[in-house]
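This report refers to the structure that appears directly beneath it.
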Amino acid sequence: MAANPQIAMSGLGRALVQHGRLGEAEALACSQDSAGKVNAFMAAVIENRHLSALDLARFSAETFGYPIFDVASLDASNIPRDAIDRKLISKHEVIALGKRGNRLTVAMADPTNIRALDEIRFQTGLSVDPVVVELPKLVELIHIVSESASDSLRDLTGEDFDMDLLSQEAPTDQQDEDTAAEVDDAPVVRFIQKVLVDAINEGASDIHFEPYEKYYRIRFRTDGVLREIAQPPLILREKIAARIKVISRLDISEKRVPQDGRMKLVLSKNKAIDFRVSTLPTLHGEKIVMRILDPSSAMLGIDALGYEAEQKTALLEAIERPYGMILVTGPTGSGKTVSLYTCLNLLNKAGVNISTAEDPAEINLPGINQVNVNDKAGLTFSAALKSFLRQDPDIIMVGEIRDIETAEIAIKAAQTGHLVLSTLHTNDAPTTLERLRNMGVAPFNIASSVILITAQRLARRLCSCKTPMEIPEQALLEAGFDKADLDGSWQPYGPVGCDRCKGSGYKGRVGIYQVMPISEEMTSIIMNNGNSIELAEQAQKDGVKDLRQSGLLKVKQGMTSLAEVLATTNE
């Protein structure tokens with residue numbers, strides 16, 4: 001009769017018996033009481049006072065060759081609570097204490113729980129360094145961390161966490177409802193919801209789901225840098241794609257052509273995040289990229305964007321003008337949309353009629369008439385603009401000027417008493433005017449309509465763990481600093497890395513801007529078919545800082561590093 005209980009005895013129980021720390025009958029009794037529950041054997045040993053929690057932890061550490069750790073000296077707020085999946089934390093009663101490089105320090109009470117270590121390695125893709133912790137202290141720490149995780153979600157939503165994924169439209173027929181229900185029943189929905197919430201908590205701008213021949217990975221773009229966060233089993237790629245496509249109102253049977261859609265993550269009655277979804281057929285399946293569209297980003301205010309005082313003044317003066325064209329330029333992902341919506345939010349008043357045409361509308365702003373262009377249906381930027389002009393607008397925002405027809409209608413609107421805001425993809429402000437001319441816009445129309453151009457980039461902001469750096473004077477001069485700047489009144493900083501910034505040394509981003517009002521001298525250059533070089537020279541004479549000069553000012557202010565500015569404003 002004793003054979004079966006003996007087989008069920010844990011490795012720790014057998015070690016205690018072999019070393020004479022526990023009688024065999026006592027060990028069997030505690031094993032039977034545990035009934036296969038995690039750490040229940042240890043709890044029974046402590047509860048029956050065979051050994052104290054501290055003695056049991058010391059025995060486990062010495063016998064199995066692991067260090068013992070006192071979590072009383074640990075600040076729970078610094079624990080990387082998302083390093084291990086919460087299901088594993090609950091299932092095995094383990095917790096990550098810290099991460100350095102590709103190694104994860106994990107606290108556990110029973111070091112013989114090899115299965116827990118294997119599952120953590122598989123889930124995180126990291127090497128695991130176990131440390132032994134007294135069971136009651138470990139349980140208390142897990143409770144504290146779990147509570148803080150719930151609090152962070154409540155902070156995000158403003159109330160208890162009750163998340164739901166919704167498509168932008170209700171299902172149109174019974175077949176769609178059945179398909180959605182079938183995918184909703186799959187466990188993959190919980191995994192996708194966790195990925196979305198993690199991305200929001202980390203402040204990511206994009207989520208990439210990428211299938212390859214032998215593996216499948218998920219990456220977040222945070223502060224402009226892609227970082228891998230998970231490698232789900234390759235077999236899940238079709239289910240993940242199907243789930244996202246169903247909720248984004250895309251055709252799940254069409255896998256040969258790219259598709260675009262939207263979805264909504266409802267966090268509470270008052271909080272929802274939109275996602276712009278794009279699918280792309282690749283060699284090994286559909287790659288899906290989700291852009292996170294948080295309406296609160298437009299509510300930050302102009303002061304949070306990083307404009308210098310004179311740049312902010314010039315921009316505010318321009319948007320207060322009754323008519324004219326303001327252009328925002330920069331590459332994809334440089335924050336043009338947030339800048340435009342920050343301006344629109346300042347102008348959004350009860351007595352103003354604002355209309356926007358976008359592809360698609362990324363930020364939902366109440367009080368503004370937003371239109372999604374649809375080329376297939378004939379609703380192009382130019383068609384939307386023509387319609388706007390019959391709707392008595394005060395302010396018009398065009399998502400992007402792509403062709404001569406859109407440019408000419410926008411310029412005509414700016415010349416006839418409307419304020420027009422739009423974007424162009426150019427490297428800096430002076431080349432924007434040349435780009436318009438190359439598109440076929442007459443120099444006279446450019447000179448009489450454009451009142452201000454803003455070029456911008458986003459540089460990573462240094463985390464609070466930054467450290468002073470010694471940079472040779474020659475390197476500073478080559479970067480663009482003047483001799484007069486090197487007066488010793490400021491100190492350049494560089495990245496270090498901590499738990500807050502996940503080791504990158506950077507946390508968040510700051511804008512670098514070139515704000516160029518169109519002066520009378522520039523108007524004369526435009527009328528005389530001058531090129532972008534002449535315009536840039538005149539801008540310098542007018543006191544307009546170019547992107548590199550604005551970036552170097554952020555270095556002097558300690559906001560970012562010289563290396564980041566050089567990479568962002570590569571000339």
Side-chain angles (χ1 to χ4, degrees), residues 224 302-318 327-331 334-335 339 426-434 452-464 466-496 505-506 508-522 524-525 530-571:
I302 196 167
D303 293 322
L305 298 183
Y307 287 96
E308 302 299 332
E310 66 275 11
Q311 294 174 338
K312 174 185 170 184
T313 300
L315 180 60
L316 291 177
E317 287 178 355
L327 295 172
V328 180
T329 76
S334 59
S339 294
T426 56
N427 290 328
D428 58 14
T431 56
T432 304
L433 296 170
E434 192 168 0
L452 180 136
I453 302 174
T454 295
Q456 65 184 70
R457 301 287 189 277
L458 288 177
R460 289 182 294 170
R461 189 189 294 266
L462 284 168
C463 178
S464 55
K466 64 185 179 182
T467 185
M469 289 191 68
E470 293 298 327
I471 302 176
E473 181 177 310
Q474 185 60 34
L476 294 172
L477 293 173
E478 290 176 357
F481 285 106
D482 294 329
K483 273 281 188 184
D485 294 323
L486 309 181
D487 56 4
S489 62
W490 58 278
Q491 170 68 56
Y493 287 87
V496 177
Y506 297 94
R509 290 194 283 182
V510 63
I512 297 175
Y513 302 93
Q514 180 186 24
V515 179
M516 188 178 83
I518 306 302
S519 62
E520 292 183 5
E521 292 79 9
M522 286 187 185
S524 178
I525 293 172
N531 58 35
S532 60
I533 296 175
E534 294 173 295
L535 289 167
E537 291 174 351
Q538 183 59 48
Q540 289 289 312
K541 293 177 184 177
D542 294 343
V544 175
K545 292 183 176 67
D546 62 25
L547 288 167
R548 174 60 62 85
Q549 292 167 336
S550 296
L552 295 178
L553 193 55
K554 295 289 191 293
V555 174
K556 291 180 68 174
Q557 295 167 352
M559 291 186 183
T560 189
S561 65
L562 180 60
E564 185 69 10
V565 168
L566 294 179
T568 306
T569 62
N570 191 18
E571 296 177 343

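Just so it is clear, the structure is predicted and the values come from calculations on it, not from any experiment. Scope of the values below: all heavy atoms of this structure, side chains included, with no hydrogens, waters or symmetry mates.
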Can you give me the closest heavy-atom contact between [X] and [Y], atom names plus distance?
X: Lys466; Y: Gly558; value: NZ-O, 2.8 Å
X: Tyr513; Y: Leu547; value: C-CD2, 3.9 Å
X: Ser561; Y: Gly494; value: CB-CA, 4.4 Å
X: Leu566; Y: Ala479; value: CD2-CB, 3.9 Å

For this session: Go through the side-chain N and O atoms of Ser524 and Gln538 and say whether any donor and acceptor fall under 3.5 Å apart.
Result: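 Checked: Ser524/Gln538 side chains show no N/O donor-acceptor pair below 3.5 Å.
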When rounded to the nearest 0.5 angstrom, what distance separates [atom1] in [X] from [atom2] in [Y]?
X: Thr432; Y: Leu327; atom1: OG1; atom2: CG; result: 6.5 Å
X: Gln491; Y: Met469; atom1: CD; atom2: CE; result: 9.5 Å
X: Leu458; Y: Thr568; atom1: CG; atom2: OG1; result: 8.5 Å
X: Arg509; Y: Arg461; atom1: CZ; atom2: CZ; result: 11.5 Å
X: Arg548; Y: Phe481; atom1: CZ; atom2: CZ; result: 9.5 Å

Exercise. Which pairs with one or both residues in residues 535-545 pass salt bridge (Lys or Arg N to Asp or Glu O under 4.0 Å), sequence neighbours excluded?
Worked result: Glu310-Lys545
For this session: Quick one: do Met559 and Leu553 satisfy side-chain contact (heavy atoms from CB on, under 4.5 Å)? Show the steps, please.
Result: CA-CA 9 Å; Met559 291 186 183; Leu553 193 55; over 6 Å; no
Exercise. Can Tyr506 and Leu462 be said to form a side-chain contact (heavy atoms from CB on, under 4.5 Å), step by step?
Worked result: CA-CA 4 Å; Tyr506 297 94; Leu462 284 168; 3.7 Å; yes
Quick one, [X] and [Y] - any side-chain contact, counting heavy atoms below 4.5 Å?
X: Ile471; Y: Pro492; value: yes
X: Tyr307; Y: Thr313; value: no
X: Glu521; Y: Glu534; value: no
X: Leu476; Y: Leu562; value: yes
X: Pro331; Y: Arg457; value: yes
X: Leu433; Y: Met516; value: yes

Short side-chain to backbone donor-acceptor contact, [X] and [Y], under 3.5 Å:
X: Gln456; Y: Gly335; result: yes
X: Gln311; Y: Glu308; result: yes
X: Gln514; Y: Ala455; result: no

Problem set entry | Carboxylate-amine/guanidinium proximity below 4.0 Å for Lys483 and Glu473 |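 Looking at Glu473 together with Lys483, the answer is yes, because their closest N to O distance falls below 4.0 Å.
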Problem set entry | For Ser550, the option from Ile512, Val565, Thr569, Val544 that meets side chain to side chain contact (heavy atoms under 4.5 Å, CB included) |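 Option passing the side chain to side chain contact (heavy atoms under 4.5 Å, CB included) with Ser550: Ile512.
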Exercise. Of the options Ile533, Leu535, Asn531, Asp546, which is the one that meets Pro430 in a side chain to side chain contact (heavy atoms under 4.5 Å, CB included)?
Worked result: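 With Pro430 as partner, Ile533, Leu535, Asn531, Asp546 yield a single side chain to side chain contact (heavy atoms under 4.5 Å, CB included), made by Leu535.
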For this session: For Leu452, check side-chain contact (heavy atoms from CB on, under 4.5 Å) against everything at least two apart and list the hits.
Result: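 Here the qualifying residues are Ala314, Leu315, Ala318, Ile326, Thr454, Val515, Pro517.
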